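Take a look at the structure below.
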Amino acid sequence: MTQALPKNFDFKEAEDRLYRWWESHGYFKPEAAPADAEPFVISMPPPNVTGALHTGHALFVSLEDAMIRYQRMNGKAALWVPGTDHASIATQLQVEKLLASEGTSREQVGRDEFLRRAWTWKHTYGGRIIDQLRRLGASCDWDRERFTMDDGLSDAVLEAFVRLYDQGLIYRGPRLVNWSPGLKTAVSDLEVEREEEIGKLYFFRYPIEGGGFIPVATTRPETILGDTAVAVHPDDERYQQYIGKNALVPMIDRPIPVIADSYVTREFGTGALKVTPGHDFNDYELAQRHNLPVLSVMNRDATLNALAGQYAGLDRFVCRERIWADMTAAGLTIEVRDHTMVVPRAERGGEVIEPMISEQWFIRIAPLAEKAAQAVRDGHIRIVPERFEKVYFHWLDNIEDWCISRQLGWGHRIPVWYGSDGSRVVSKTTPAAKDGVTYTPDDDVLDTWFSAGLWPFSTLGWDKQTPDLARFYPTDVLETGYDILFFWVLRMVMFGLWFTDEAPFHTVYLHGLVRDKSGRKMSKTLGNVIDPLEYMNQYGTDPLRFTLLTSGTPGNDINLDTERIERNWRFVNKIWQMSSFVLGGLPDDLEAGAPAPSALDLPSRWIMSRLHHLSADVTRLIDAYQFGEAGRQIDEFLWGEFADWYIEISKYPLYNGSDAEKRAAQRVLLTVLDTALRLLHPYMPFVTEDLWRYLPHAPGESEALILARWAQSDPAYFDDAAEAEMTLLIDLVRGIRIVRTQYEVEPGRKITALIQPGTHRAALESCGYIFSRLCNVADYRLMTDGEAAPENSAAVAAGDMTVFLPLATFIDATAECERLTREVEKLDEQIARTQNMLGNEQFIARARPDVVEKERARLESLSATAAQIRDRMTGVCG
RNA sequence: GGGUGCAUAGCUCAAUUGGCAGAGCGCUUCCCUUACAAGGAAGAUGUUGCAGGUUCGAGUCCUGCUGUGCCCACCA
């Protein structure tokens with residue numbers, strides 16, 4: 001070829017160049033395919049604008065880009081819609097941190113200024129993650145990039161809210177919700193993490209009006225101030241006498257009833273329960289059953305309020321200490337014990353969540369959940385791996401109404417206005433003032449997952465009937481981590497079905513977490529964070545992608561061994577070097593494609609058979625989302641079969657063969673390389689595309705690998721006989737190498753061989769040369785039938801072939817006898833096993849015929865080999 | 001408490017409907033042979049966590065157990 005291949009792959013130079021080239025030619029766009037091509041669409045899980053690239057991003061990009069590139073090569077109009085998420089809480093925290101560093105706060109600067117600062121933040125950092133996704137080779141359509149707070153998407157959010165409201169599925173009300181006192185907002189159940197912690201269990205006396213007391217245990221003495229009952233089990237004899245009487249709240253002497261409810265566990269603590277419906281979810285339910293008042297004794301920042309009497313104004317934890325001390329002084333305390341308990345903490349920030357009564361907006365979720373469950377049950381949506389379907393159903397069966405309002409500044413405003421006359425208007429736009437009534441908007445914003453739930457269709461223009469929406473919705477595969485199955489995937493399914501009447505995608509592929517080598521979650525405090533950028537800088541993007549794709553199985557966590565990245569960097573180099581070999585010295589007029597199967601020599605029939613099996617297997621595996629196994633098979637084929645054997649064998653026709661033989665070998669080499677690059681492209685887009693430039697292409701073939709046709713498997717090249725015969729020849733080569741090693745024949749020393757060809761005379765006559773190339777046999781001769789074995793020689797057998805190596809000076813009869821004895825023992829073991837199997841009538845009767853046949857062939861081959869060696873032993877061992 | 005995943009070579013992981021347990025890394029020895037020392041050749045390393053069961057045949061399917069992770073859940 002005209003262009004010479006550089007010595008090595010310069011990924012630093014190539015990655016940027018190729019990415020620009022792809023993008024500038026519009027290859028990432030679905031329009032690159034014919035107008036009538038079937039679409040294949042993935043909505044990218046939008047990273048947070050606050051984020052910096054981590055291994056989770058690297059994994060999802062590797063997987064989704066592989067899917068997209070695979071489908072694109074299969075002729076689909078592939079569209080990968082990218083974008084970012086405003087991530088309301090996460091971003092707000094960052095901006096608040098920034099404000100704090102300037103000595104101010106969200107409250108002090110006011111809503112407008114806060115929003116201005118948040119947008120500045122978005123513009124500054126939102127692009128960073130996008131640039132990093134590009135470095136990973138993400139072939140998404142950047143012209144269709146979206147942000148959840150873009151005008152169009154914001155409009156979709158308002159539209160969705162208004163529709164749900166009009167359908168009676170959104171309501172507002174005071175409810176007990178998970179409250180984050182630091183952020184001063186409600187958070188959803190999913191945003192609360194429950195960790196076991198060692199706390200204390202406080203035992204104290206609840207005085208009863210008219211004398212006596214009930215001992216009660218609590219983990220949170222400060223909530224005593226909000227108690228509205230003491231509950232005991234109806235059958236508990238200890239406390240029968242008090243049921244119906246009043247107890248007095250310690251320190252503030254508020255009378256509350258003693259009630260009986262079988263919810264109380266007699267065995268736990270004292271068997272009596274203080275009921276604080278304003279600050280505990282269980283107690284709230286209990287209070288509903290007994291018509292108890294619900295007292296909220298805390299402010300939004302979790303300091304105690306006026307209802308707490310002398311404790312008003314104290315922080316909840318300070319109050320805990322104070323009230324306990326006061327109760328002790330008053331003789332009401334019994335004891336304090338260490339106690340393992342579950343403490344709810346905010347997913348973001350980690351502070352202790354306080355259940356609080358507040359006015360919030362909710363979605364009545366049951367009707368949406370029902371459709372979502374049905375879609376999976378009916379098979380309209382398939383989850384990979386399948387086991388997550390169970391988790392999905394379980395969650396839907398137990399779903400609670402979704403609290404969608406957040407008391408945050410950054411996010412989608414709730415489209416509700418309150419009139420000065422006390423009216424309430426739900427509308428996408430501000431109602432016009434009339435009759436002196438003015439309107440003020442609702443202060444709250446929506447849960448960030450509300451807009452995320454619309455993502456697959458809002459990014460395509462919904463609720464406008466855009467051409468994109470018509471052509472590319474529903475999407476095909478939704479690929480994301482199993483950790484956001486509930487947060488995100490389910491919400492998309494519910495909203496998609498509800499608003500578009502269609503499942504937003506037909507397949508959900510879930511990947512696992514990327515952990516460190518020893519399986520620990522990556523964390524800054526542990527110092528075990530693997531930075532993908534660091535490895536991309538050192539080894540390039542391809543090795544990182546290949547490693548992530550081949551390190552695990554669907555749905556399971558990956559313990560990332562970074563040494564694999566280095567190994568795969570060597571694999572990239574290996575591919576480069578084998579390409580260099582294949583492309584070196586190709587004639588300009590080389591015929592396209594491989595010769596017909598009938599025109600091939602044995603090694604070529606073998607490698608072409610292996611290649612076409614590989615194409616079939618890789619295609620099948622990728623279709624089944626088995627990217628790991630598919631990648632490993634390509635690896636094993638390229639390095640273990642093509643490079644180690646075929647390339648070495650091809651050197652004979654290349655260097656010593658006739659022109660026809662040489663050209664045939666070149667065509668096979670080129671075909672294998674060409675096909676391998678196609679198969680590998682979804683895994684390693686950069687090195688494969690860069691090499692593609694140097695390959696001669698048939699007329700009409702794409703100049704860009706990214707658009708080239710996916711490798712097709714042609715069964716005409718399947719050749720079991722060639723594979724079997726070649727396997728024997730390889731065994732012989734290995735055997736000769738072993739003999740050389742064992743007898744310490746210098747590697748450079750050429751030896752001679754006599755070959756008893758058995759039934760393989762034809763193969764050995766045509767390709768006996770492989771022994772010269774692969775194990776340094778200078779000359780060899782095929783023996784006639786019945787010809788006696790040469791004196792002082794070592795024997796290597798495979799099938800019914802035997803190679804004799806006359807190594808007079810090296811051979812010691814005793815050693816050779818021992819070696820052969822070991823060989824034959826090994827063979828006998830295997831023969832016995834096989835004979836045993838074949839002697840079993842049940843096996844013959846019940847095993848699959850091809851399995852039986854395989855065993856028969858195996859026995860035949862092993863027996864022939866053993867016979868050769870035995871025969872030899874009679875001569876050597878004496 | 002319910003559900004679910006994992007357990008295979010020293011380490012990280014494979015094993016496509018049950019059909020000869022493999023790879024990479026690391027380790028030992030040798031080799032700079034004209035694609036590649038970022039390479040090549042040879043080698044050692046396994047009761048597939050334990051105990052049963054189904055089957056001609058189990059790493060794979062079933063039951064129980066042990067260890068470990070995750071998800072869900074209202075014991076103060």
Side-chain angles (χ1 to χ4, degrees), chain A residues 5 7-8 189 194 201 216-220 223 231 263-265 267-270 272-276 280-286 339 341-342 385 387-388 390-391 394-395 398 482-483 485-486 512-513 515 517-519 521 550-553 555-564 566-584 617 620-621 624 626 628-630 632-633 635-636 639-640 643-644 647-648 651 655 734 737-738 740-742 744 746-748 773-776 830 833-834 837 840-848 850-852 854-855 858:
Chain A
L5 196 61
K7 194 165 164 44
N8 296 101
D189 294 346
R194 290 158 210 280
L201 189 57
V216 172
T218 181
T219 55
R220 308 183 57 203
T223 63
Y263 162 74
V264 179
T265 309
E267 294 74 29
F268 188 88
T270 63
L273 172 70
K274 61 186 275 307
V275 183
T276 321
D280 185 283
F281 287 96
N282 299 313
D283 293 5
Y284 185 77
E285 264 183 43
L286 195 59
H339 177 60
M341 56 194 222
V342 176
R387 63 185 145 90
F388 284 102
K390 211 178 232 179
V391 186
H394 181 259
W395 199 75
N398 298 288
Y482 63 68
D483 53 322
L485 176 61
F486 305 139
L513 258 55
R515 300 168 174 279
K517 184 182 172 179
S518 35
K521 213 166 169 171
T550 56
S551 284
T553 46
N556 289 325
D557 292 351
I558 290 173
N559 294 348
L560 182 60
D561 182 351
T562 55
E563 288 187 344
R564 291 180 72 139
E566 185 184 327
R567 185 273 170 184
N568 288 326
W569 163 70
R570 294 206 302 272
F571 181 38
V572 167
N573 177 65
K574 187 78 181 178
I575 293 164
W576 191 268
Q577 300 307 333
M578 59 180 87
S579 303
S580 171
F581 173 80
V582 171
L583 298 172
D617 287 343
R620 178 178 52 78
L621 288 165
Q626 306 261 349
E629 184 58 18
R632 286 184 290 268
Q633 290 203 12
D635 185 334
E636 280 164 27
W639 203 325
D644 287 351
I647 282 186
E648 291 308 320
K651 286 175 182 173
Y655 299 154
R734 290 205 166 113
R737 285 172 178 168
I738 291 169
R740 293 187 62 119
T741 302
Q742 286 182 352
E744 296 178 338
E746 297 94 325
R773 275 282 156 194
L774 299 179
C775 39
N776 217 2
Q830 296 181 65
R833 238 191 97 264
T834 313
M837 253 183 170
N840 185 334
E841 282 174 35
Q842 297 290 332
F843 174 72
I844 303 295
R846 302 197 186 185
R848 273 199 334 253
D850 64 302
V851 173
V852 177
K854 215 168 117 191
E855 289 302 323
R858 190 174 134 74

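All figures in this text were calculated on a predicted structure; none of them were measured in a lab. In what follows, chains are A, B, ... by sequence order, proteins preceding strands, each numbered from 1.
- In the set C71(B), A35(B), U17(B), U17(B) carries the atom at the smallest distance from any side-chain atom of R848(A).
- Comparing the C1' positions of A21(B) and G57(B) gives a spacing of 15 Å, expressed to the nearest Å.
- To the nearest 0.5 Å, atoms CD (Q577(A)) and CG (L5(A)) are separated by 8.0 Å.
- Distances were taken from every side-chain heavy atom of K574(A) (C-beta onward) to each of C25(B), A15(B), C36(B); the shortest belongs to C36(B).
- The aromatic rings of F268(A) and H339(A) sit perpendicular, their planes meeting at an angle over 60°, well past the 30° parallel limit.
- Residue-level contact check: R858(A) touches the bases, meaning some heavy atom is under 4.0 Å from a base atom.
- Across all strands, G552(A) comes closer than 4.0 Å only to sugar-phosphate atoms, never to a base (heavy-atom distances).
- At least one side-chain nitrogen or oxygen of R570(A) sits closer than 4.0 Å to the OP1 or OP2 atom of G39(B).
- Of the candidate nucleotides G19(B), G43(B), U12(B), U12(B) has the atom nearest to the side chain of R564(A).
- With N776(A) contributing its side chain and P747(A) its backbone, the two residues share a donor-acceptor pair below 3.5 Å.
- Taking atom C1' in both C6(B) and C13(B), the straight-line distance is 13 Å, to the nearest Å.
- Using the six-membered ring where Trp is involved, F581(A) and Y655(A) have ring planes that are perpendicular, over 60° apart on the 30 and 60° scheme.
- I647(A) comes within contact range of at least one nucleobase, with a heavy-atom separation under 4.0 Å.
- Between W639(A) atom CH2 and C36(B) atom C1' the separation is 9 Å, expressed in whole Å.
- At a threshold of 4.0 angstrom between heavy atoms, the contacts of A643(A) include nucleobase atoms, whether or not backbone atoms are also involved.
- If you measure from atom CD of E563(A) to atom C1' of C27(B), you get 13 Å, rounded to the nearest angstrom.
- Comparing V216(A) and R387(A) by the nucleotide of RNA chain B whose heavy atom lies nearest to each, the residue mapping closer to the 5' end is R387(A).
- Using a 4.0 Å heavy-atom criterion, one finds that Y655(A) contacts the sugar-phosphate atoms exclusively.
- Between the T218(A) side chain and the R220(A) main chain, a donor and an acceptor come within less than 3.5 Å of each other.
- Contact annotation for R737(A): backbone-only contact, meaning every heavy-atom pair under 4.0 Å involves sugar-phosphate atoms and none involves a base.
- Rounded to whole Å, the distance from NZ on K517(A) to P on C13(B) is 9 Å.
- Toward the 5′ end of RNA chain B lies the nearest nucleotide of V582(A), the other residue of the pair V582(A) and F486(A) mapping further downstream.
- OP1 or OP2 of C11(B) has not a single side-chain nitrogen or oxygen of S518(A) nearer than 4.0 Å.
- Taking only side-chain atoms of L621(A), from C-beta outward, the nucleotide of C36(B), U16(B), C74(B) with the closest atom is U16(B).
- If you measure from atom NZ of K390(A) to atom C1' of G3(B), you get 8 Å, rounded to the nearest angstrom.
- Here C20(B) presents its P atom at 8 Å from CZ of R833(A), a figure rounded to the nearest Å.
- Within the 4.0 angstrom heavy-atom criterion, base atoms lie near E648(A).
- A gap of 47 Å separates the C1' atoms of A41(B) and U4(B), to the nearest Å.
- Among A76(B), C31(B), G19(B), the nucleotide with an atom closest to any side-chain atom of M837(A) is G19(B).
- Pairing for A41(B) goes to U29(B), judged as Watson-Crick or G-U wobble with the two contacts each under 3.5 Å.
- Taking atom CG on N556(A) and atom P on C71(B), their separation rounds to 15 Å, with Å as the unit.
- Judged by distance alone, the side chain of N398(A) and the main-chain N or O of H394(A) form a donor-acceptor pair under 3.5 Å.
- Taking atom P in both G24(B) and G40(B), the straight-line distance is 10 Å, to the nearest Å.
- Within the shown strands, nothing qualifies as a pairing partner of C74(B) under the Watson-Crick or G-U definition with both distances less than 3.5 Å.
- Note on L273(A): a base of the nucleic acid sits closer than 4.0 angstrom, heavy atoms only.
- Side chain of R858(A) to main chain of T834(A): no donor-acceptor pair is present (N/O by atom type, distance under 3.5 Å, no hydrogens or angles).
- Using a 4.0 Å cut-off, no side-chain N or O of K521(A) falls inside it from OP1 or OP2 of C70(B).
- For C61(B), the paired base is G53(B) (Watson-Crick or G-U wobble, both distances below 3.5 Å).
- If you take CG of D561(A) and P of A14(B), they are 13 Å apart, rounded to a whole angstrom.
- The aromatic ring of W569(A) sits over the base of A38(B), with ring centres less than 5.5 Å apart and planes inclined by under 30°.
- Here T218(A) lies in heavy-atom contact (under 4.0 Å) with sugar-phosphate atoms only.
- Both distances falling under 3.5 Å, in either a Watson-Crick or a G-U wobble arrangement, place A23(B) opposite U12(B).
- The shortest distance between the side-chain N/O atoms of N568(A) and the OP1/OP2 oxygens of G24(B) is not below 4.0 Å.
- Using a 4.0 Å cut-off, some side-chain N or O of H339(A) falls inside it from OP1 or OP2 of A76(B).
- Heavy atoms of W576(A) sit nowhere under 4.0 angstrom from any nucleic acid atom.
- The side chain of D644(A) lies closest to G40(B) when the candidates are G40(B), A76(B), U12(B).
- If you check C36(B), A15(B), C25(B) against the side chain of R567(A), the one that comes closest is C25(B).
- Across the protein-nucleic acid pair, R773(A) atom CZ and A41(B) atom P stand 15 Å apart, rounded to whole Å.
- Only the C1' atoms considered, U12(B) is 33 Å distant from G2(B), to the nearest whole Å.
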### Task
Test side chain to side chain donor-acceptor pair (under 3.5 Å) on Y482(A) and D557(A) and set out the steps.
CA-CA 10 Å; Y482(A) 63 68; D557(A) 292 351; 2.7 Å; yes

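- Distances from the side chain of R515(A) to the nucleotides G69(B), C72(B), A35(B) place G69(B) closest.
- Spacing between G1(B) and U60(B) at atom P, rounded to whole Å, works out to 28 Å.
- Distance from the side chain of N559(A) is smallest for U12(B) among the nucleotides C36(B), U12(B), C75(B).
- Residue contacts for F281(A): at a heavy-atom cut-off of 4.0 Å it reaches no nucleic acid atom on any strand shown.
- Base engagement by V264(A) is indicated by at least one non-hydrogen atom pair under 4.0 Å involving a base atom.
- Across the C1' atoms, G18(B) and C61(B) are found 8 Å apart, a figure rounded to whole Å.
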### Message
Before you tell me yes or no, could you show the steps for R564(A) and T550(A) under side-chain contact (heavy atoms from CB on, under 4.5 Å), namely the whole-Å CA-CA distance, both residues' side-chain angles and the distance that decides it to 0.1 Å?
### Response
CA-CA 10 Å; R564(A) 291 180 72 139; T550(A) 56; 4.1 Å; yes

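- Dense packing is recorded around CD of E746(A), with more than 12 heavy atoms of other residues, nucleotides or ligands lying under 6.0 Å away.
- Within the nucleic acid shown, T834(A) has no heavy atom closer than 4.0 Å to any nucleic acid atom.
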